[in-house]
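See below for the structure under consideration.
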Amino acid sequence: MPSSPASQHTLPGDDPWTVAIIGSGPRGLSVLERMALRLAQSPPTTPMVIHLIDAVEVGCGRVWRTDQPAYLLMNTVADEISMFSGPRVPGTRGYPGAGPSLAQWWEQYGTDFPGPNSYAPRALYGRYLHFVLDSIEAALPDRVSLVRRRQATTRLRGDCDRGYQLELADGSVLSAHRVVLATGHARPRLTGPSLELSEFATRRPHLRYVPASPAAEMRLGELPAGSAVGVIGLGLTFYDVMAALTLGRGGQFTETAEGSLSYRPSGNEPRLFAGSRSGLLMPGRGVNHKRPDQVYTPAIFTERRVARLKAGPRLDFLHDVFPWLRAEMDLVATLAHNRAAIGPAQRDRFVRAVTDEAERTLPDVAFLANQHGLSPMPAPDLDTLAQPFRGHSFTGTEHFRRTLAEAVKADLREADRGNLLSPRKAALDVLRDVRWLICTLVDFAALRPSSHERDFLGWYAQRSAFLVSGPPRVRLRQALALMESGVLTVLGPGTCFTVDSAHDRFAGESGAVPGSRVLLDTVIDARVPPTDVRLDGSPLMTDLHARGVVRTYRNDWGPPDGPREHFETGGVAVSQAPYHPLSALGEADRGICVLGIPTEHTRWFMTVGGRRPGFWSQFDQDADDVARSVLSRLRANDPVPAHAGP
């Protein structure tokens, strides 16, 4: 790593061994937890200092900050989340390697615990993360100290041998032997249409453009009541914005005699006009009927099959991978469809036949179902589910509103059946259950560049995120009530938000819905910010990229006798575990580890914000690999096995 003169200082040999973790959300906290476990099992003989640094809130980070309102909810039930890398030990508060899940902690320490399958407020999860941090600090050996620093890190200089200097926003400089970058979601620089919308608003004080960010950071309180607000995107952030501008403005939802919700406005709400490419509200999560210790074991898309695929040549996702995944979904949908009509023995014979066939070739699940006396139920087509209005024409805004409302109600009926009884929701749950297997196939360029960019990131990753990671069902019920009350209008598929210089306003319109054009005072970007180190607006990542300390990961491939193809992913290029950044020259800086969202697209599904209780996952393994790395020079022979508890 290139060094400035100020970073030539070498940390004295008798100084404490110092580790700086930049970012204290779930990824940074998981590294600290695994460090604490290793240090507890083998206490250091020399002093050690760990600096936990966060620009927003030390202990929970930006997304889970504890000052956000309670109506901003998680999208995973509390019983399926823990930040301890092991099960709870009865009679203990929790310590590194063993502690309560979010649901167990909520039940013990909260006063409003609604049950294990409830969706916790994000702020409550932030308080749980603080509990985890306090438990970690209490378990540190005598020679190890933890320093919490609420500061932004603006520059990083130095190298693995001489140590690093971190410049903080207050002008102070912190020295460290090892650095972990777990910085989470970026605040990317605006480009393209987003930049045009922002610049248009900058020149017009009566207009506002709100860039993509967590809803808790958006200055939504400034939007005038009754003003026209456009919302780009109909995903998770949209639901947060919707809640903030209705519940957060004093509006109330009440249950009707028919079991639906109605909305009673406060009069302080703006009018919401939302849209996206699909025009569909993000589908809801199915009622959870699975135990927290229940993990689906694939019968077709198995570890053995994935290993065979990975051992061959570069893969085409749609041709080589997705058919096996689709067959697994067909199997689960068929089992859900026949659940009430078959007994355990018949079910086991059918699954065994499918498993045996999958060892030889891609099984025909429908054919085997017929052979075993079951009614075949193919899994739903992902494109049809994600874009149900493609190719449809609408006579006007009311026609589209009715069509959308029926689609949302149909999804709610399936969600109410749950993730075991609804063939649709059960099949989609497969995509959650096998994420870790998909990661082994797509991480570090196991796919051909064109298939990586077009088929996986451009198609599958978007479809699965939209269809699988949805909000609690109550959000869809609230959206229906708001549509009925007139507070919310979804403009339609293919919605575009543009500037209208003639009227000195923004405009939103769906080309598929006649009469949908509306003039707007505010536009809110409710999409997830893209991960691209080249666009990262933070001073730290901007500087590291400009100096070539980090670079974007490049998927480059070509057959020996053919043309090469490549794809610049935007994710930070890192080595295999423990994920050292690769410089512009291809050299690994072994004193730095980069974990989580900055490496998205180099690896996949780095947005995970926790782990399943009681299971050793890739989330845990990543944290443990990084913990081992930052402690390796402190103690050359680390005896702690990767999954050990205290």
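Note that the structure is a prediction, hence the values are computed from the model and not measured.
- In this structure, Phe322 has its ring center under 6.0 Å from that of Trp459.
- When the ring-ring contact (aromatic ring centres under 6.0 Å, His included) test is applied to Trp324, no partner is found at least two apart in sequence or on another chain.
- Other residues, nucleotides and ligands place no more than 12 heavy atoms under 6.0 Å from the CZ atom of Arg304.
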Identify each donor-acceptor pair in which a side-chain atom of residues 189-200 lies under 3.5 Å from a protein atom, sequence neighbours left out, and give them as a table.
residue, atom, partner, partner atom, Å
Arg189, NH1, Asp536, O, 2.9
Arg189, NH2, Arg534, O, 2.4

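- Ion pairing between Asp625 and Arg628 fails under the 4.0 Å rule for side-chain N and carboxylate O.
- A salt bridge links Glu217 with Arg187: at least one charged nitrogen is closer than 4.0 Å to a carboxylate oxygen.
- Remark: the Thr607 side chain and the Glu600 side chain contain no N/O donor-acceptor pair separated by less than 3.5 Å.
- Within the structure, the ring pair (Phe, Tyr, Trp, His ring centres under 6.0 Å) test picks out the following pairs touching residues 558-613 (sequence neighbours left out): His452-Phe567, Phe456-Trp604.
- Looking at residues two or more places apart in sequence or on another chain, you find a side chain to side chain donor-acceptor pair (under 3.5 Å) between Ser451 and Asp455.
- Sorted by first then second residue, the side chain to side chain donor-acceptor pair (under 3.5 Å) pairs that include residues 440-449, not counting sequence neighbours, number zero.
- For residues 537-562, no pair satisfies ring pair (Phe, Tyr, Trp, His ring centres under 6.0 Å), with sequence neighbours left out.
- Side chain to side chain, Asp240 and Thr237 fail the donor-acceptor criterion of an N or O pair below 3.5 Å.
- Classified by interplanar angle (parallel below 30°, tilted 30° to 60°, perpendicular above 60°), the ring pair Phe317/Tyr460 is tilted.
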Tell me, with the steps shown, if Ser85 and Arg611 meet side-chain hydrogen bond (donor to acceptor under 3.5 Å, both in side chains).
-> CA-CA 8 Å; Ser85 58; Arg611 58 185 298 282; 5.9 Å; no

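- For Arg551 (side chain) and Ser583 (main-chain N/O), a donor-acceptor pair under 3.5 Å exists by modelled atom type.
- Proximity of a side-chain donor or acceptor of Asp620 to a complementary backbone N or O of Ser617 within less than 3.5 Å is detected.
- A salt bridge links Arg463 with Asp383; the closest basic N to acidic carboxylate O contact falls under 4.0 Å.
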